[in-house]
Amino acid sequence: MSAYSLAGIAFVLFSLAAAGFLTCGSLVRMLMFLELMLNAANIALVALSPGTVSQAYALMLFAIAAAEAGVGLALIITLASVFKTLEAENIKELKG
Amino acid sequence: MIINAAIYLFGGLAALATLLMIFQREPVKAAMLMLAALLSTAGLYLALSAQLLAALQIILYAGAIMTLFIVALTATPAAWRDKPSKSRFIKMLGLAAAAVILTELLKVSALLKQTVFSPEFSETGTLDLARALFGQFTFQFELLSLVILASIVGAVTLAAGKRSS
């Protein structure tokens, strides 16, 4: 098995998540696909450099992903309660 | 051999779950498919001999983050999210864009073909990881607690602002 096939798995996951991010309209789903993109990056990090340093970085990325999900969902719920929708295309005004 | 098969199996499962998630209309079912993708990733970490990461993947991603998503989905009224989903054509267009991204990524990483990776199962990763985290990366590791603290303060401020208004 070459490192290329391992990278391929991570790249396939990343691009599928990117496709989902580009096509879905719901804010919560977009955040879900964002998490999956981060997850694919994590896989690439762990798979391409077998050792403790890459795993340490992956662990730090876990914490960052958790923080991102927390703030992102708080933002989305606040936005949704103001605009009464979870669809990104219905949110057009940034003022106020 | 078994490890190679496990890597392909779990990678394929994660990819399949992500693909099904794109075409799933129900948000909660999509969340369950995301859970499947995250659990497959945990299996992938196990196959790559990253046992601690596999455990953390289950606890953090599949446990904590998924719970957050489910709570966010159930806390918002259904009328806000029950919109007709986008046409299949747009989804195919998105998949085509993703195929372009994938081709570019594979092209860029063509040099990796020369690197041979022979996965072997090892058990001592966790101790070395702890030594790295509390030795070489102590500052970064402690800085992460600040990041999490900032995110907690941010989330609480957003939620509290919403309640007072």
Side-chain angles (χ1 to χ4, degrees), chain A residues 1-26 28-29 31-33 35-36 39 42-43 46-48 50 52-53 55-56 58-60 62-71 73-78 80-81 84-87 90, chain B residues 4 7 11 14-15 18-19 21-22 27 30-31 34 37-38 41 44-45 48 50 53 56 60-61 64-65 68-69 72-73 75-76 80-81 83 86 90-91 94-95 97-99 101-102 105-106 109 112-113 115-117 119 125 128-129 132-133 137 140 144 147-148 151 154-155 158-159 162:
Chain A
M1 179 182 234
S2 69
Y4 187 67
S5 16
L6 275 175
I9 292 173
F11 291 159
V12 166
L13 285 175
F14 180 85
S15 24
L16 278 174
F21 181 80
L22 289 173
T23 53
C24 71
S26 164
V28 178
R29 264 185 210 224
L31 197 64
M32 277 183 189
F33 283 117
E35 291 288 336
L36 282 177
N39 197 32
N42 235 345
I43 293 174
V46 175
L48 292 183
T52 48
V53 174
Q55 289 188 24
L59 206 146
M60 292 179 199
F62 276 168
I64 291 172
E68 176 222 322
V71 176
L73 280 172
L75 266 174
I76 285 173
I77 289 181
T78 313
S81 66
K84 309 283 180 217
T85 179
L86 275 176
E87 297 291 309
N90 295 340
Chain B
N4 279 1
I7 288 174
T18 314
L19 188 67
M21 202 180 145
I22 298 176
M34 185 188 171
L38 293 176
T41 310
L44 200 59
Y45 285 143
L48 290 166
L53 286 187
L56 282 177
L60 255 177
Y61 264 105
I65 296 181
L68 262 183
F69 277 113
L73 280 174
T76 48
W80 293 356
R81 55 172 193 266
K83 296 284 183 326
K86 293 194 174 180
I90 292 182
K91 291 196 169 156
L95 279 179
I101 297 174
L102 180 63
L105 282 173
L106 287 177
S109 62
L112 284 175
K113 277 180 191 167
T115 318
V116 178
F117 176 73
D128 294 338
L129 184 56
L133 279 177
F137 297 114
Q140 289 92 325
L144 268 183
V147 172
I148 292 177
S151 81
L158 281 168
K162 182 186 149 202

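The shown structure was predicted, so the numbers you read here are calculated from the model rather than taken from an experiment.
- Put simply, of A:V71, A:N39, A:V46, A:V28, the one with the most heavy-atom pairs under 4.5 Å next to chain B is A:N39.
- Your options are A:A56, A:G20, A:G8, and the one with the most heavy-atom pairs under 4.5 Å with chain B is A:A56.
- Closest approach of A:A19 to B:G94, counting heavy atoms only: CB-O, 3.6 Å.
- Residues B:L38 and A:E35 fail the side-chain proximity criterion, which asks for heavy atoms closer than 4.5 Å.
- Of all the listed residues (B:G11, B:A30, B:A15), the one sharing the greatest number of non-hydrogen pairs under 4.5 Å with chain A is B:A15.
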Starting from the C-alpha separation in whole Å, work towards a yes-or-no answer on side chain to side chain contact (heavy atoms under 4.5 Å, CB included) for B:L53 and A:N42. CA-CA 10 Å; B:L53 286 187; A:N42 235 345; over 6 Å; no
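- Highest contact tally toward chain A, considering only B:I101, B:L102, B:L133, is held by B:L102 [criterion: heavy-atom pairs under 4.5 Å].
- Contact of B:L95 with chain A is made through backbone and side chain together, with heavy-atom distances under 4.5 Å.
- Contacts between B:L144 and chain A at a heavy-atom distance below 4.5 Å involve the side chain alone, from C-beta outward.
- Contacts with chain B were tallied for A:L73, A:I64, A:I9; A:L73 has the most, counting heavy-atom pairs under 4.5 Å.
- In terms of heavy-atom pairs under 4.5 Å with chain B, the best-connected choice from A:V12, A:I43, A:L48 is A:I43.
- Both the backbone and the side chain of A:L75 come within contact range of chain B, judged by heavy atoms closer than 4.5 Å.
- If you measure heavy-atom distances from B:A99 to chain A, you find no contacts under 4.5 Å at all.
- Between the OG atom of A:S5 and the CG atom of B:N4 there is a distance of 8.0 Å, given to the nearest 0.5 Å.
- Between atom CE of residue B:M34 and atom CG of residue A:L31 there is a gap of 8.0 Å, rounded to the nearest 0.5 Å.
- Proximity of B:Y45 to A:Q55: side-chain heavy atoms (C-beta onward) are nowhere separated by under 4.5 Å.
- Closest approach of A:M32 and B:A31 over heavy atoms only: CE-CB, 3.6 Å.
- Heavy atoms closer than 4.5 Å to chain A are found nowhere in B:A64, neither backbone nor side chain.
- For a residue to count as touching a neighbouring chain, one of its non-hydrogen atoms must lie under 4.5 Å from one of that chain's; by this rule B:L68 touches chain A with backbone and side chain alike.
- Nearest heavy-atom pair across B:A155 and A:G70 is CB-O, 4.2 Å.
- Between B:L158 and A:A74, the shortest heavy-atom contact is CD1-CB, 3.8 Å.
- By number of non-hydrogen pairs under 4.5 angstrom with chain A, the leading residue of B:A97, B:S109, B:G154 is B:S109.
- Interface remark: B:L60 contributes side-chain atoms only to the contact with chain A (heavy atom separation under 4.5 Å).
- Interface summary for chain A: among B:T41, B:V147, B:L19, the most heavy-atom pairs under 4.5 angstrom belong to B:T41.
- A pairwise comparison of heavy atoms in B:I65 and A:A66 identifies CD1-CA, 3.8 Å as the closest pair.
- Proximity to chain B is absent for every atom of A:F21, based on heavy atoms less than 4.5 angstrom apart.
- Nearest approach of B:L106 to A:F11, heavy atoms of both residues: CD2-CD1, 3.8 Å.
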